[in-house]
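For clarity, every value in this text was computed on a predicted model and none was experimentally measured. Position 1 is the first residue of the sequence; numbering continues from there.
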Amino acid sequence: MTQLEMPFPRLSTPATLADAFDFFHDANSDHPRRSAIRSAIKAMGKGIGLPLDQIPAGAGPLRELLATASPGRAGVKPTSWKTLKSEALRALQESGVALASGRDATAISAEWQALIAGADKRVVIGLGRFLKFLTRTGVEPGAISAEAFAAWQSEILDTSLRANPQTSYRQMVRLWKACEQRVDGWPRVEIESPEDPRRFSLPWEAFPQTLRQEVRDFLRSRLDPDLLSPDAAPKVRPDTNKARERNIRAFASALVLSGELEIEKITSLSVLTEVINVRSALYYLRQERFAGQIRPQLLNHAELLKTIARHWEKDQAKSERIGLLIKSLKGALGPQSGMTQKNRERLVPFNDPNNVKRLLELPQRTLKAAAHAPATHHTAVRVMYALQVAILLAVPVRIKNLTALKLGGNVIESGKGKTRQVHLFIPREQTKTHTDFTAVLPARVVELLDAWQAVWRPLILNAPSPYLFPNASGELRSSVALARQICRFVEREAGLRVHVHLFRHLAAKLYLRFDPSGLETVRQLLGHTSIRTTLKAYADFQTEPAFLRLEEALLDVYEGPAPLRKARR
């Protein structure tokens, strides 16, 4: 009798992981792997960070929780986490929970195989799971209809644990539409490509030309303001201007979608900054985009409109009225720290010294493994990620500064032999705070840097480049793509979910654990111009070390100084 055929007691289908844990209890089940299954379920609960009775066993809620889980939180290695998670999910399936398998082993039918032979590999991969579903349900090319699409969408929403099933469905529909145009004989189906619900901004071309021109003029004026003017606005970076353009378009779209004003009437920025229009657009954003909640993004929109009214329109009365609205929003939002709750949750695994050690050892471990691996492009890329992680741990710079580092300009060597030092220098033109930033790289980072330049960097280059981390053509890498790749590398190798900006928060957390009174040092490490910024974000990190020191003080009173306590014990 196989594992799937083992007899089970007549228990109800588990609703939570606690129910599943009880399902495989020795008193209820004679499953041969029940002990390993219970351990796997407990590990999954630790990885999610909730008690088992608060973790639903259904695909939809469990999918959202697993997207935030990590091996680091469970206290296991990435390979062990994969094994434990697979064990737990297979056990849920066996206990009656409707979960789709991670891989569909169905062989695509001959008729579908003949069609996809004319498509490129990307299409074959993107449509593979859907074509297996069609084969499994007996739908051949001649019988395909919109109902088959709806059935597959329901299946992945109800039973799949894929992180973004709606995104997977949208991508599949787009690939299907592309095949209708490019592959001979591909069946045509009357089905609409679903819109991404996160995108709601109307195209700029839909707005009046006068508004578009004024937005361009406003943004251009912020890049090079007259600094001697008595009411000059502060100069902004190009990236800030891009974000402002997106925010203005989103706000104007929200005003149109609210039904308060027709799009052809939004002819200028002064229309957007009318208080009644500001209220209407913010109300739409709160209700339709933020599920009725007041979020910091609403403040960002309101602050930008206040800036426009004050510095562009020079309408002090309008600026003050928007300011009153901002004040009421801040009151409803409540006191805000400089760090989001999501970032605080992502820092929780680093309370475990083993996770911190695993991350700190990752760069050197990768370099050591590369020395025994083939000298290929793949190995070189792994060393590059390792060096970037090492730099982010030692000198927590922002991702755009990391991507744009240049040899000689930003990476500067001085001295020779024992007196040799390597400095990281970022001029004020490239920093967010418009101040020069200088740091000395530790010896462990310099070792990686030397190996990268001498051995591995040439393997990814097809042309000369001044950049420390160029792409194959020698040009500047995309900071967004690089950030995503670094995070995947850390999760794959160390089992820790991070984003590149989290390295800055982690640096503050670890240093304040070492020195609870070191906020000024943290300010200098992170390049903040004001200690208030550091206090706002990281003052809470002083609390835990403070209580540990209080315990040490109490032990000194009751048991004597630490050396004496150790001797007595």
Side-chain angles (χ1 to χ4, degrees), residues 2-5 13 40 44 56-67 69 79 81-197 488 492:
T2 66
Q3 178 176 321
L4 291 177
E5 297 171 337
T13 300
M44 181 183 286
L62 186 58
R63 175 172 58 234
E64 296 179 5
L65 292 173
L66 283 176
T79 51
W81 170 252
K82 289 181 180 179
T83 302
L84 291 168
K85 189 171 71 169
S86 297
E87 182 88 66
L89 294 177
R90 185 166 59 249
L92 288 176
Q93 288 177 311
E94 295 174 6
S95 64
V97 179
L99 295 178
S101 300
R103 292 184 179 181
D104 190 342
T106 305
I108 299 175
S109 70
E111 291 188 46
W112 286 115
Q113 286 280 11
L115 275 178
I116 62 176
D120 60 35
K121 185 177 180 181
R122 182 178 66 90
V123 171
V124 174
I125 295 174
L127 291 178
R129 198 172 184 92
F130 180 53
L131 296 181
K132 289 179 179 180
F133 167 79
L134 295 176
T135 300
R136 180 160 35 88
T137 53
V139 179
E140 295 296 347
I144 187 70
S145 65
E147 286 72 18
F149 285 78
W152 189 67
Q153 185 181 26
S154 297
E155 178 175 289
I156 62 175
L157 285 176
D158 296 340
T159 66
S160 174
L161 291 174
R162 296 171 70 92
N164 298 295
Q166 288 285 26
T167 301
S168 299
Y169 179 74
R170 286 195 300 272
Q171 291 173 345
M172 184 278 293
V173 172
R174 284 198 294 270
L175 289 174
W176 184 277
K177 292 295 183 183
C179 288
E180 289 181 351
Q181 303 297 323
R182 301 172 187 171
V183 179
D184 292 338
W186 196 271
R188 295 181 177 273
V189 182
E190 292 296 328
I191 184 169
E192 294 293 329
S193 298
E195 296 291 335
D196 188 340
R488 288 176 179 171
R492 183 174 62 250

Has E64 got more than 12 heavy atoms of other residues, nucleotides or ligands less than 6.0 Å from its CD? no
Which heavy-atom pair separates I108 from W112 by the least distance, and what is that distance? CG2-CB, 3.5 Å
If the plane angle is over 60° it's perpendicular, under 30° parallel, otherwise tilted; pick one for F130 and F149. tilted
Rounded distance [0.5 Å steps], CG in D158 versus CZ in R63: 8.5 Å
W152 side chain to L131 main-chain N or O, any donor-acceptor pair under 3.5 Å? no
With a sphere of 6.0 Å drawn around CZ of R174, does it hold more than 12 non-hydrogen atoms of other residues, nucleotides or ligands? yes
Testing the 3.5 Å rule here: is there a donor-acceptor pair between the side chains of E147 and S145? yes
Does the side-chain contact (heavy atoms from CB on, under 4.5 Å) test come out yes or no for I116 and L127, once each step is laid out? CA-CA 9 Å; I116 62 176; L127 291 178; 5.6 Å; no
Quick one: CD on E155 to CG on D104, what's the gap to the nearest 0.5 Å? 8.0 Å
Candidate pair L92 and L62, rule side-chain contact (heavy atoms from CB on, under 4.5 Å), full reasoning: CA-CA 11 Å; L92 288 176; L62 186 58; 3.9 Å; yes
Q166 side-chain N/O to L157 backbone N/O, donor-acceptor pair under 3.5 Å: no
As an exercise, state the distance from CG of L161 to CD1 of I156, rounded to the nearest 0.5 Å. 12.0 Å
Give the minimum heavy-atom separation between M44 and L66, together with the two atoms involved. CG-CD2, 4.2 Å
Between K132 and R136, does the side-chain contact (heavy atoms from CB on, under 4.5 Å) criterion hold? Intermediate values first, please. CA-CA 6 Å; K132 289 179 179 180; R136 180 160 35 88; 5.8 Å; no
What distance do K177 atom NZ and E180 atom CD have between them, rounded to the nearest 0.5 Å? 4.5 Å
Applying ring-ring contact (aromatic ring centres under 6.0 Å, His included), name anything that partners W81, two or more places apart in sequence or on another chain. none
Are any non-hydrogen side-chain atoms of K85 and K82 less than 4.5 angstrom apart? no
Given R188 and Q181, is the side-chain contact (heavy atoms from CB on, under 4.5 Å) satisfied, shown in steps? CA-CA 9 Å; R188 295 181 177 273; Q181 303 297 323; 3.6 Å; yes
Check: A98 main-chain N/O paired with T159 side-chain donor or acceptor under 3.5 Å: no
To the nearest 0.5 Å, atom CD of E111 lies from atom CG of L134 at 11.5 Å
Min side-chain heavy-atom separation P187-L115 under 4.5 Å: yes
All heavy atoms of P141 vs all of I144, minimum pair found to be O-CG2, 3.3 Å
Straight-line distance of Q153 CD to M172 CE, nearest 0.5 Å: 8.0 Å
Within-4.5 Å side-chain heavy-atom neighbours: T167 and R162: no
